[in-house]
Amino acid sequence: MSRSESAYMFLMRGLRQLDFRGQCVPSDLLLIGDHSFPLAMNSQGQVLMAASLYGCGRIVVLGHESYLTSFPALVENALMWLRGDGSDNPSVAVHRNVQAVADNLSRSSFQTEVVGSFSNSLKAGVYVTDAYSVGADPTDLVAFLKAGGGVLIAGQAWSWAADHPKENTLHNFDGNKVSGVAGVYFSDHPGEVENLPVYPQIPSSYMALVTGKDFEDDLLFLLQGVSEFNVPNGSTASEVLVHGPLAFPIGTTDKGQAFLAGAYYGQGRVIVITHEGLLWNEGFASFWSNALHWLDEGRKGVVGVAPNNALNMLSRSGLKCEKTGFKKDLSVFVCTASISDHLEEIQNFVAEGGGLLMGGHAWYWAQKHRGKNPLTDFSGNRILNKMGLSLLGATLPSGVYKAPVPSKAVKDTYHFRHLLHRFARHVTLGEELSKHEEEHLKKLGTDCSTYLNMKAHDCCSYKQVVATLTDVLKKSGLPQVSASCPIKSPKDHLLLSVGADVYKVCPNPDALLPHLIKDNPLLPVVYNHKVKIDVNTKGGEEWVSTGLYLSPGMKTYIAIPAEIVNKGWQIQIGCQTDRLNAAELKRPPRVHERFPVTSEMMQVWNLWGGLIYLVAPPKTQAQGVEATVQMAVPAPYYKSGVTTAADWSLLRTAPSPWAELEFDNIILTVPSKAVRNLERPDQVAALWNDIMRAIADLASIPHKFPRKERFVSEVQISHGWMHAGYPIMAHESSADEVLNVENAKTKGIWGSIHELGHNQQRGCWEFPSHTTECTCNLWSVYVHEEVLGIHRAKAHPAMSVENRNTRAKDYVKGGRQLSSWSMWVALETYMQLQEKFGWDAFKKVFAAYHKMSNFPKDNKGKMNLYAETFSQTVNMNLTGFLKAWGWPIETATEEKLSSLPPWSDHPMVQYD
């Protein structure tokens, strides 16, 4: 149970209902930060009572002063909680304006003292006051709270706001000068009164997901003389997620990505720009002057500037700016997002009224710290998260972006909380969304997933978002997407993108599961299945197959050998690692999960289910150790040299929907229906062993690959018909193509070999983008002719003699422009070399490259090196031939090769 949950239960003990009906009209309380939480929330999502922590102290806030006497049992609970754990100090100081509280406590164990105002001389552990009597300077009371004191404060601010229409209620209403520091504000909105039940847990409602201010006056001040923001080329900015109720975007791209944002926090303010270079960018000069005055709030104090480069620019504001690190007596502190010192002090500085200007991005940090979470681990976010702002690992494009129109900003600018609130109303109440809102639903889905990854389970704002999304999913269900039932609507996209993330973080995932997965039959399982681990990952990471599958939402424990705990190993559930970004989805966008191996007993699961793998990190050895999977569904799994024909006759009927066939140098992962009738996997193994040996031969590498290739065929992939990588990803129909030996030897399997060829390409002899889709086809031609017995002219329609000749002629007619030398045109160059010098020449060229180092980085340099290497390999000067193809052959290369006999009768001569 979280700290706030246990506090809530203590505060509400013995209470069954809270009847707010009566003459008094309370304020709706606005909550921010990590520690504030509601005690009473009406059916409109308005908070009428709340509690929070600040420093070592505690505070309870009631939305009207009359509640101090109309809820005596709650007040007694509050006083007990406010004096702190382990404290037996019975003394309570009560401001004379609420003396009735002292009268009510006359028969209790508390010793009350009625006082005219708060002072440091009070010996009480708890101070009780109304929101109007804290004084113009409640510094001492805030210090008392921070040091461990308890504060019970009650009142409403809506009538004060009506009498002070031009004043900022959040900062200027007396009560907020204390409670606001702890993240609880008396707002200028009246609260609706009802007879409310006391819930067994902290109340939540999607209706509480509102922005706490319209920010028009703030934007009017900040944007004086500012019509646009220019994020120049070279300033790669991060995106900032604006998620707090008092946070607001200031500068955004056309797609709603924020690069400049502000927020209220406690009694202070913050502005963040997502590249530190923009702090001293001339185009932002007017804005920075406005921003510093907004942060200073009229104090005319000292602005402490940590980054050297920003001092001159910020000094133009007219405020006193000095180069300094953080110190408490500043009015505004300016720093970069990589700051790692004084983090808690800076938070408190802002909470107690200071201004913070932070510049910097998180994308570079995220690239350098793979596997870490920038939201929680990046130092700048340890400050910003609590303020409702988070720097993301995502970048945004440079460009000139219009500043928002203050009067239209709330309606026209994307805001995470506002749109999530509107989407929840759309799902639960059927309210129509505007076209503008619908256009941003996809971004909202991405932002929800990002936000949930903060995993701030003890933060009330975070819990509200989790509860909202949980309710939305229970109400709407999850689209049951498939190849026969694809989804296109923005609403379904959003639901699919967040379903798994909500399932991971919601308090009761088992109750949510039936709303997410409708068809989830119970499959037979095996128990305590042992998995042998023998790996030597000389190259990249490697997946170790277990032959087991987890059904959607199914959990299991895996006993891990001590030798691989906390060594970079992971457990992966799911073979489909492509993340989709398509308008039409035939499966959820992301369907695999990974768990770092951090203990000898790991519990794992995946909403979508999937095959179970152990993932070995690069440059790792582990031999003769075993992992044990407590319970899982057996999968059809064949391994060359291990699985017998008798074993396979049973295994191919195993209930998992995914199957794997592991051969000498490749592992094929296919839907199980593709292997149900496969009687001779040994013949498939023989074919693929021959293919992979041939691929190794042409590449001039050993027959045993440093890492077996992987091939996964599934319903939808991220791009193309297939794409290379680990694993190679292909569409579902490719499963039959790679398993049918007869078809492979008659019709060929060009696409699969093409992708395996991609995995053999090396930057030193690649000339992107000319040869990206070309040289991989050397393997396609070689394997079809040398292994499958299919001549190149029949292996692919593009390889017919007629098509080849036409391409060469057209290329010459077009002026032999290298810009047109790509894919099939470029392949013709290599085919002409092969037809003259044979495959052995290519093998020797690739072998020669294995022995080289210090390669040129540019295409021209690399092409000249290739011309030189190939010429020396075949003992013939190929520069004339390659120049005929438009290659940028340098004079120095021609001179180097001048002693070799020229290839004077090459095929391109006919076009001269």
Side-chain angles (χ1 to χ4, degrees), residues 691 694-695 698-699 720-722 744-758 760-761 765-846 859 863 866-867 870-871 873-874 876-889 902-912:
I691 289 171
I695 286 172
L698 181 56
W721 180 245
M722 296 182 184
K745 291 184 175 179
T746 54
K747 297 179 181 177
I749 44 174
W750 184 280
S752 304
I753 310 305
H754 171 96
E755 302 306 338
L756 286 163
H758 269 308
Q760 291 303 320
Q761 288 175 318
W765 46 258
E766 270 293 291
F767 322 128
S769 61
H770 305 296
T771 56
T772 304
E773 293 299 325
C774 158
T775 50
C776 52
N777 285 326
L778 292 172
W779 278 267
S780 297
V781 176
Y782 182 77
V783 167
H784 278 76
E785 292 190 342
E786 301 298 314
V787 178
L788 303 177
I790 301 174
H791 188 268
R792 64 191 67 180
K794 292 186 177 180
H796 193 286
M799 293 302 292
S800 69
V801 174
E802 183 183 359
N803 284 334
R804 288 178 58 191
N805 289 339
T806 299
R807 282 196 296 272
K809 285 179 189 173
D810 290 346
Y811 180 68
V812 172
K813 279 183 186 175
R816 308 176 203 251
Q817 297 297 314
L818 203 61
S819 58
S820 302
W821 187 77
S822 62
M823 205 170 174
W824 298 110
V825 175
L827 183 61
E828 185 57 25
T829 306
Y830 293 93
M831 288 295 93
Q832 290 178 358
L833 287 168
Q834 192 278 327
E835 286 165 352
K836 169 68 174 176
F837 301 107
W839 288 115
D840 262 5
F842 282 89
K843 294 174 185 178
K844 288 174 182 174
V845 167
F846 291 139
N859 275 352
M863 293 172 94
Y866 192 88
F870 211 115
S871 294
T873 298
V874 298
M876 187 173 281
N877 185 345
L878 303 178
T879 56
F881 166 70
L882 294 172
K883 285 171 74 175
W885 273 105
W887 281 36
I889 300 299
W903 184 15
S904 51
D905 59 347
H906 58 76
M908 299 303 283
V909 172
Q910 60 185 304
Y911 304 116
D912 288 342

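For reference, positions follow the sequence shown, starting with 1. These numbers come from the heavy atoms of this one structure, side chains and all, not from hydrogens, waters or symmetry mates.
Of all non-hydrogen atoms in T772 and Q761, the two that sit nearest each other are O-NE2, 3.1 Å. Nearest heavy-atom pair, C776 versus G757, reported as atom, atom and distance to 0.1 Å: CB-C, 3.5 Å. Across all non-hydrogen atoms, the minimal contact from A808 to Y911 is CB-OH, 3.8 Å.
For W887 and F881, the ring centers are positioned 6.0 Å apart or more.
Taking the side chain as every heavy atom from C-beta outward, V874 and L833 never approach each other to under 4.5 Å. By the 4.5 Å heavy-atom criterion applied to side chains, L788 and I749 are counted as neighbours. Counting heavy atoms from C-beta on, the side chains of M722 and S752 come closer than 4.5 Å. Side-chain contact between H791 and H784 is absent, with no heavy-atom pair separated by less than 4.5 Å. Two residues are said to be in side-chain contact when any heavy atoms from C-beta on lie closer than 4.5 Å; T775 and L827 fail this criterion. You'll find the side chain of M863 reaches within 4.5 Å of the side chain of L818, heavy atoms only.
Not counting sequence neighbours, S820 has no partner by the side chain to side chain donor-acceptor pair (under 3.5 Å) test. Applying the side chain to side chain contact (heavy atoms under 4.5 Å, CB included) rule to N803 yields the partners S800, R807; only residues at least two apart in sequence or on another chain are considered. Scanning for ring pair (Phe, Tyr, Trp, His ring centres under 6.0 Å) contacts around H758 gives H754, with sequence neighbours left out. Looking at residues two or more places apart in sequence or on another chain, you find no side chain to side chain donor-acceptor pair (under 3.5 Å) involving W765. For the salt bridge (charged side-chain N to carboxylate O under 4.0 Å, His left out) test, residues two or more places apart in sequence or in another chain that qualify with K883 are E894. Judged as a side chain to side chain contact (heavy atoms under 4.5 Å, CB included), and not counting sequence neighbours, S822 has no contacts. Legend: residues meeting ring pair (Phe, Tyr, Trp, His ring centres under 6.0 Å) with F837, ordered by chain and number and at least two apart, are W903. Remark: Y782 pairs with K843 by the side chain to side chain donor-acceptor pair (under 3.5 Å) rule, at least two apart or across chains. Residues satisfying the ring pair (Phe, Tyr, Trp, His ring centres under 6.0 Å) test with W779, not counting sequence neighbours, are F846. Under the rule for a side chain to side chain contact (heavy atoms under 4.5 Å, CB included), the partners of K794 that lie at least two apart in sequence or sit in another chain are I790.
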For N777 and W824, what are the C-alpha separation, side-chain angles and deciding distance, and is it a side-chain contact (heavy atoms from CB on, under 4.5 Å)?
-> CA-CA 9 Å; N777 285 326; W824 298 110; 4.1 Å; yes
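Legend: salt bridge (charged side-chain N to carboxylate O under 4.0 Å, His left out) pairs involving residues 813-833, not counting sequence neighbours, sorted by first then second residue: R804-E828, R816-D912. Contacts classified as salt bridge (charged side-chain N to carboxylate O under 4.0 Å, His left out) and involving residues 768-787 (residues at least two apart or in different chains) are given here: E785-R792.
Ring orientation note: the planes of F842 and Y830 are tilted relative to one another, at an angle of 30° to 60°.
Between the CG atom of L878 and the OG atom of S871 there is a distance of 3.5 Å, given to the nearest 0.5 Å. The CG atom of L698 sits 8.5 Å away from the CD atom of Q760 when rounded to the nearest 0.5 Å.
Within 6.0 Å of the CD atom in E835, the count of heavy atoms belonging to other residues, nucleotides or ligands exceeds 12.
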